[in-house]
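Worksheet: the structure to be examined is printed underneath.
Heads up: numbering here begins at 1 and tracks the sequence. Note that the coordinates shown come from a computational prediction; the quantities given were computed from them, not determined experimentally.
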Amino acid sequence: MFETRESTTAAMGFARHGFAPLAGELAEAVVDHDAVAANVRTLRTAAGTGLMAVVKADAFGHGAVPVARTCLAAGATWLGVTRIGEALELRHAGIDAPTLAWLFDPARAAEAVAAGVDLSVSSPADLAAVARVAGAPRVHLKLDTGLHRSGCPGEDWSRLVTTAADLERASRIRVVGVWSHLSHGGEPDAVATHRQLLMFRVSVDLARTAGLRPDVVHLANTAAVQANARHTAYDLVRVGAGLYGIGEGLRPALALRSQVVQVRQVAAGRGVGYDHVGRTTRETQLALVPLGFADGVPRAATGRASVWVGGRRVPLIGRVCMDQVVADIGPEPVAVGTEVIVLGPGGRGEPTARDWATWAGTNEHEIYTGIGARVARRHVGTTGVADASRSGREQP
Ligand SMILES: *Cc1c(COP(=O)(O)O)cnc(C)c1O
């Protein structure tokens with residue numbers, strides 16, 4: 001279903017654009033917009049419908065504004081975020097594509113409506129609160145089909161859609177969307193999936209019977225697009241993870257790189273770092289890398305992780321600290337300033353987000369969103385980025 005060409009060229013964008021000298025930064029996250037654009041195109045083709053680019057959590061740490069621009073240029077038609085503040089960040093940057101926010105305090109609804117941001121509503125109480133805002137707020141009614149996280153419970157759906165239809169007839173709101181979220185997006189054959197799909201179909205019909213005419217019905221996330229587009233795609237798919245290369249046949253879009261800032265010679269049998277959790281097994285050199293768990297290097301990966309130093313994989317030794325880690329680089333000479341790739345697309349043998357997720361007992365999503373605010377982001381590639389430039393969040 002997916003072109004293998006995409007994965008074999010995974011490292012292409014970085015090879016072309018990345019890995020220049022760090023120019024005064026101890027570390028940077030290089031975001032390859034060619035990869036993001038390719039992922040949008042791949043997923044849109046697989047879905048065969050419109051695509052909402054989910055740029056919540058600062059686009060999974062990749063930079064919400066530049067990533068949103070790239071996604072829109074590559075064919076995304078909607079943007080999705082969790083919070084109203086995230087939607088406003090896009091609006092303040094001049095991005096006016098349809099945007100949905102799905103978790104907020106109704107007290108802030110007026111701000112969102114003034115900025116033309118669509119709001120998700122899951123209960124008659126929230127509907128009433130949103131309908132009090134002037135300007136006929138655009139709402140998406142969210143049904144809980146079995147994830148049991150958020151959304152309107154099935155037994156209240158009839159009342160929600162009837163109330164919404166009344167408010168719409170009175171021009172108090174406009175119901176733009178009806179939606180839900182899957183618990184097992186990647187498992188088309190799971191009983192839970194069958195239940196959710198059936199309940200969703202019936203509930204969309206109920207909304208129509210109540211008189212609602214939503215522009216967009218949406219259900220699928222990345223995993224559902226990849227595993228079950230035919231039954232889940234509807235009018236729009238809400239794709240987050242896939243934009244960033246999480247999923248089969250997609251291109252990782254972020255590389256985390258740093259440099260060796262100190263090299264020391266140590267004898268065999270020396271304890272390294274707090275509590276001497278690590279111990280040298282031979283006379284060796286230790287290279288100091290100025291990134292730690294405050295930057296997103298998971299402390300839970302202590303004792304398992306390795307990094308790419310000057311073209312080869314070397315193990316970290318000792319505990320991952322807040323601001324630094326130590327690599328056991330062996331006897332070969334390594335100069336201060338040598339490049340360290342902590343995380344990359346994997347094309348050259350460097351550790352990937354998947355590797356870090358395995359070492360830390362988590363998923364790639366948490367690895368990417370964990371990359372700290374003090375790591376400068378550098379945006380490379382062409383699509384949708386007017387000026388490929390540094391945009392660390394410490395610089396406004
Ligand atoms: C994060 C999120 C998505 C995107 O899911 P991915 O698995 O990252 O594609 C879609 N819908 C909702 C409600 C979400 O919270």
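Here Asp32 does not pair with Arg378 in a salt bridge; the nearest charged N to carboxylate O distance is not below 4.0 Å. Between Glu28 and Arg377, none of the side-chain N atoms (NZ, or NE/NH1/NH2) sits under 4.0 Å from a carboxylate O, so this pair counts as no salt bridge. Salt-bridge formation is detected for the pair Arg257/Glu339: a Lys NZ or Arg NE/NH1/NH2 atom is positioned less than 4.0 Å from an Asp or Glu carboxylate oxygen. The pair Asp105-Arg83 does not count as a salt bridge, with every side-chain nitrogen at least 4.0 angstrom from each carboxylate oxygen.
Put simply, the side chain of Leu286 does not reach to within 4.5 Å of the side chain of Val263, judged on heavy atoms. Here the side chains of Pro252 and Tyr368 are in contact, with some heavy-atom distance below 4.5 Å. Leu72 is listed as a side-chain neighbour of Ile95, based on a closest heavy-atom distance under 4.5 Å. Looking at Val217 and Arg208, their side chains come closer than 4.5 Å, going by heavy atoms from C-beta outward. Residues Val202 and Asp205 form no side-chain contact, since every pair of their non-hydrogen atoms from C-beta on lies 4.5 Å or further apart. Within the 4.5 Å cutoff, no side-chain heavy atoms of Val178 are placed close to those of Val161. Using a 4.5 Å heavy-atom cutoff, the side chains of Asp235 and Thr49 are not in contact. Inter-residue side-chain proximity for Val237 and Leu43 is flagged as unmet; no heavy-atom pair is nearer than 4.5 Å.
No more than 12 heavy atoms of other residues, nucleotides or ligands sit less than 6.0 Å from atom CZ of Arg44. Heavy-atom neighbours of Gln265 CD from other residues, nucleotides or ligands within 6.0 Å: above the threshold of 12. Heavy atoms of other residues, nucleotides or ligands lying less than 6.0 angstrom from CD of Glu366 number 12 at most. Atom CZ of Arg279 has more than 12 neighbouring heavy atoms from other residues, nucleotides or ligands inside a 6.0 Å radius.
Taking CD1 of Ile246 as the reference point, atom CG of Asn363 lies at 7.0 Å (rounded to 0.5 Å). Atom CG in Asn221 sits 5.5 Å away from atom NE2 in His181 (nearest 0.5 Å). Here Leu212 contributes atom CG and Glu168 contributes atom CD; the two are 5.5 Å apart, rounded to the nearest 0.5 Å. Taken to the nearest 0.5 Å, the CG atom of Leu103 stands 8.5 Å off from the CZ atom of Arg149. If you take CG on Leu236 and CG on Leu219, they are separated by 11.5 Å, rounding to the nearest 0.5 Å. How far CG of Leu291 is from CG of Asp323: 9.5 Å, rounded to the nearest 0.5 Å.
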Derivation and outcome, side chain to side chain contact (heavy atoms under 4.5 Å, CB included), residues Leu100 and Lys142: CA-CA 12 Å; Leu100 173 63; Lys142 184 175 190 192; over 6 Å; no
Worked verdict on Val67 versus His33 for side chain to side chain contact (heavy atoms under 4.5 Å, CB included): CA-CA 7 Å; Val67 166; His33 286 255; 4.2 Å; yes
Side chain to side chain contact (heavy atoms under 4.5 Å, CB included) assessment of Leu127 paired with Leu160: CA-CA 8 Å; Leu127 185 62; Leu160 184 65; 3.9 Å; yes
Any chance you could lay out the side chain to side chain contact (heavy atoms under 4.5 Å, CB included) test for Met199 and Leu143, step after step, and finish with the verdict? CA-CA 9 Å; Met199 183 171 172; Leu143 173 74; 4.1 Å; yes
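No donor-acceptor distance shorter than 3.5 angstrom exists from the side chain of Gln259 to the backbone of Val340, with no hydrogens or angles considered. Of the possible polar contacts, one joining the Asn39 side chain to the Arg251 backbone as a donor-acceptor pair under 3.5 Å is found. Using a distance-only test at 3.5 Å, with no hydrogens or angles considered, no donor-acceptor pair links the side chain of Arg319 to the main chain of Val272. In this structure, the side chain of Glu86 engages the main chain of Ala57 through a donor-acceptor pair within 3.5 Å. A side-chain donor-acceptor contact under 3.5 Å links Asp144 to the backbone of His148. Although no hydrogens or angles enter the test, the distance criterion places a donor-acceptor pair under 3.5 Å between the side chain of Glu350 and the main chain of Gly346. With hydrogens and angles disregarded, no donor-acceptor distance shorter than 3.5 Å links the side chain of Asp166 to the backbone of Thr163. Side-chain atoms of Arg91 come within 3.5 Å of backbone atoms of Gly116 as a donor-acceptor pair (strictly under, hydrogens ignored). At distances below 3.5 Å, not a single donor-acceptor pair connects side-chain atoms of Thr362 with backbone N or O atoms of Ala360. Not a single donor-acceptor pair under 3.5 Å links the side chain of Thr77 to the backbone N or O of Gly50.
Closest of all the heavy-atom pairs between Pro351 and Val307 is CG-CA, 3.9 Å. Summarising the geometry of His62 relative to Leu254, their closest heavy-atom pair is NE2-CB, 3.5 Å, with the distance given to 0.1 Å. Nearest approach of Thr193 to Glu187, heavy atoms of both residues: OG1-O, 2.8 Å. Shortest non-hydrogen contact noted between Thr280 and Val266 is CG2-CG2, 3.6 Å. Minimum interatomic distance between Val261 and Val336 (heavy atoms only, all atoms of both residues): O-CG1, 3.9 Å. Residues Leu119 and Ala109 approach most closely at CD1-CB, 3.8 Å, considering heavy atoms.
Taking hydrophobic clusters as Ile, Leu, Val, Met, Phe, Trp and Tyr residues chained together by side-chain heavy-atom distances below 4.5 Å, Val81 shares a cluster with Val239. Linking Ile, Leu, Val, Met, Phe, Trp and Tyr residues whenever their side-chain heavy atoms come within less than 4.5 Å leaves Leu206 and Val216 in two separate clusters. Both Val260 and Leu343 belong to a single network of hydrophobic side chains, linked directly or stepwise wherever heavy atoms of I, L, V, M, F, W or Y lie under 4.5 Å apart. Both Val297 and Trp359 are members of a single hydrophobic cluster when ILVMFWY side chains are connected at heavy-atom separations under 4.5 Å. Note: the hydrophobic cluster containing Val175 does not contain Trp102 (ILVMFWY, side chain heavy atoms under 4.5 Å, direct or indirect links).
Counting only residues at least two apart or on different chains, the side chain to side chain donor-acceptor pair (under 3.5 Å) pairs with a member in residues 117-132 are Asp118-Arg138, Asp118-His140, Ser120-Trp179.
Side-chain contact annotation: Arg313 with Ser306, donor-acceptor N/O pair under 3.5 Å present. A donor and an acceptor atom, one from each side chain of His276 and Arg270, are nowhere located under 3.5 Å apart. With 3.5 Å as the limit, one finds no donor-acceptor pair spanning the side chains of Ser180 and Gln196.
Evaluation of the salt bridge (charged side-chain N to carboxylate O under 4.0 Å, His left out) rule for Asp328 yields Arg282 as partners, not counting sequence neighbours.
Less than 6.0 angstrom separates the ring centroid of Phe60 from the ring centroid of Tyr244.
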